[in-house]
Undergrad: 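Below is one structure. I have some questions about it.
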Amino acid sequence: MTKFSKIALCALVIGASCFTSCSSDDSTPATPSIYMRLGGTTLVDDPDNSDPAIKIEAGRLAYRKVVNTTIGLIVADVQSNASGNLSAHFAPLLAEVQANNTTNLAELVDNLTDFFSYNTGGTNAVNTYSGLDMVAAHNPAVNTRMGVKATDANYTKFEGYVGAAAVQNGVAANTQLYTDIVAVLESLRDPIVQ
């Protein structure tokens with residue numbers, strides 16, 4: 001190898017190591033969690049509580065609104081007898097609500113809010129999910145609250161409800177936040193569709 005080739009090789013190795021060390025630049029801020037982008041831990045008035053001293057984390061409130069809207073969309077489809085509605089999945093709950101018993105409906109809203117808040121960055125104790133894992137929660141043989149097992153078509157329909165609810169609550173469909181929420185829902189497809 002000539003002297004020139006050795007110098008060129010050394011320069012190449014040194015240059016490569018400089019570029020490699022520069023490429024690990026941590027100046028790009030990490031994308032905040034979904035929970036933080038939905039308002040995070042900022043305390044706001046809770047519209048479901050008349051006591052102005054009672055506050056709720058903005059991220060949790062955002063999820064609760066989406067959960068309530070999703071349930072409303074599902075119920076509207078059931079009441080209108082829309083094709084492919086999810087009434088069979090929620091049959092036990094729907095029967096209770098028709099009998100004016102909303103205890104388990106409130107529990108469902110809390111559990112879904114806890115689940116999504118906890119799993120997307122809500123780290124405070126208020127966002128602790130202690131319910132069943134997704135496989136057990138969606139298996140009628142284990143969870144009598146579930147009417148039937150979900151199919152891919154059912155789950156896609158559910159994702160559509162959540163997407164529409166997110167849009168109705170201020171998450172534009174053409175945003176990274178919306179895309180990230182859909183990605184979380186898609187990550188749950190395998191354990192839910194059995």
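Worth saying up front: this structure is predicted, and the values here are computed from it rather than measured.
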Undergrad: Flag the pair Val75 / Phe90 as yes when at least one side-chain heavy-atom distance between them is below 4.5 Å, and no otherwise.
TA: no
Undergrad: Can a donor-acceptor pair be found, under 3.5 Å and without considering hydrogens, that links the side chain of Arg189 to the backbone of Tyr155?
TA: no
Undergrad: Just how far is it from atom OG1 of Thr69 to atom NZ of Lys65, taken to the nearest 0.5 Å?
TA: 9.0 Å
Undergrad: Are Pro191 and His138 packed together at the side-chain level, in the sense that at least one heavy-atom pair is separated by less than 4.5 angstrom?
TA: no
Undergrad: Between the side chain of Gln194 and the main-chain N/O of Val135, is any donor-acceptor distance below 3.5 Å?
TA: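 Yes; judged by distance alone, with no hydrogens or angles, the pair exists.
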Undergrad: Excluding sequence neighbours, so at least two apart, what forms ring-ring contact (aromatic ring centres under 6.0 Å, His included) with Tyr129?
TA: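 With neighbours one apart ignored, the set is Phe115.
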Undergrad: Nearest 0.5 Å please: distance from the CD1 atom of Ile192 over to the CG atom of Leu185.
TA: 8.0 Å
Undergrad: Answer yes or no: is there an ion pair linking Asp46 with Arg64, defined by an N-O contact shorter than 4.0 Å?
TA: yes
Undergrad: What salt bridge (Lys or Arg N to Asp or Glu O under 4.0 Å) pairs are there with at least one residue in residues 134-147, not counting sequence neighbours?
TA: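 Sorted pair list: Glu96-Arg145.
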Undergrad: Would you give the length of the straight line joining atom CG of Asn139 to atom OG1 of Thr144, rounded to the nearest 0.5 angstrom?
TA: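 The distance works out to 11.0 Å.
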Undergrad: Nearest 0.5 Å, what's the CG-CE distance between Leu93 and Met146?
TA: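 One gets 9.5 Å once the value is rounded to the nearest 0.5 Å.
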Undergrad: Can you find a heavy atom in the side chain of Tyr63 that is under 4.5 Å from one in the side chain of Ile34?
TA: yes
Undergrad: Where the side chain of Asn119 meets the backbone of Phe116, is there a donor-acceptor pair that is under 3.5 Å apart?
TA: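 It does not hold such a pair.
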Undergrad: Would Met36 and Ile56 show up in the same hydrophobic cluster when neighbours are defined by side-chain heavy atoms closer than 4.5 Å?
TA: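 They do not share one cluster, since no chain of ILVMFWY contacts under 4.5 Å joins Met36 to Ile56.
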Undergrad: Taking Asn111's backbone N and O only, do any of them form a donor-acceptor pair with Asp114's side chain (distance below 3.5 Å, no angle check)?
TA: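 A pair under 3.5 Å: no.
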Undergrad: For Asn101 and Thr103, indicate whether the former's side chain and the latter's backbone hold a donor-acceptor pair under 3.5 Å.
TA: yes
Undergrad: Who passes salt bridge (charged side-chain N to carboxylate O under 4.0 Å, His left out) against Asp133, sequence neighbours left out?
TA: none
Undergrad: Would you check if the side chain of His89 reaches a backbone N or O of Gly147 as a donor-acceptor pair within less than 3.5 Å?
TA: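 Such a contact is absent between His89 side chain and Gly147 backbone.
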Undergrad: Less than 4.5 Å apart, any side-chain heavy atom of Leu105 and any of Ile71?
TA: yes
Undergrad: Could you tell me the separation between the OH atom of Tyr35 and the OH atom of Tyr118, rounded to the nearest 0.5 Å?
TA: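 One finds 13.5 Å between OH of Tyr35 and OH of Tyr118.
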Undergrad: Between Asn49 and Lys55, is any pair of side-chain heavy atoms under 4.5 Å apart?
TA: no
Undergrad: Output yes when a side-chain donor or acceptor of Asp51 lies under 3.5 Å from a complementary backbone atom of Ala53, and no otherwise.
TA: yes
Undergrad: For the residue pair Leu38 and Val171, establish whether any side-chain heavy-atom pair is separated by less than 4.5 Å.
TA: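 When only atoms from C-beta onward are counted, Val171 and Leu38 do touch, with a gap below 4.5 Å.
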Undergrad: Can you tell me how far CD1 of Ile181 sits from CZ of Arg37, rounded to the nearest 0.5 angstrom?
TA: 8.0 Å
Undergrad: State, with a plain yes or no, whether a side-chain heavy atom of Thr113 is found less than 4.5 Å away from one of Val109.
TA: yes
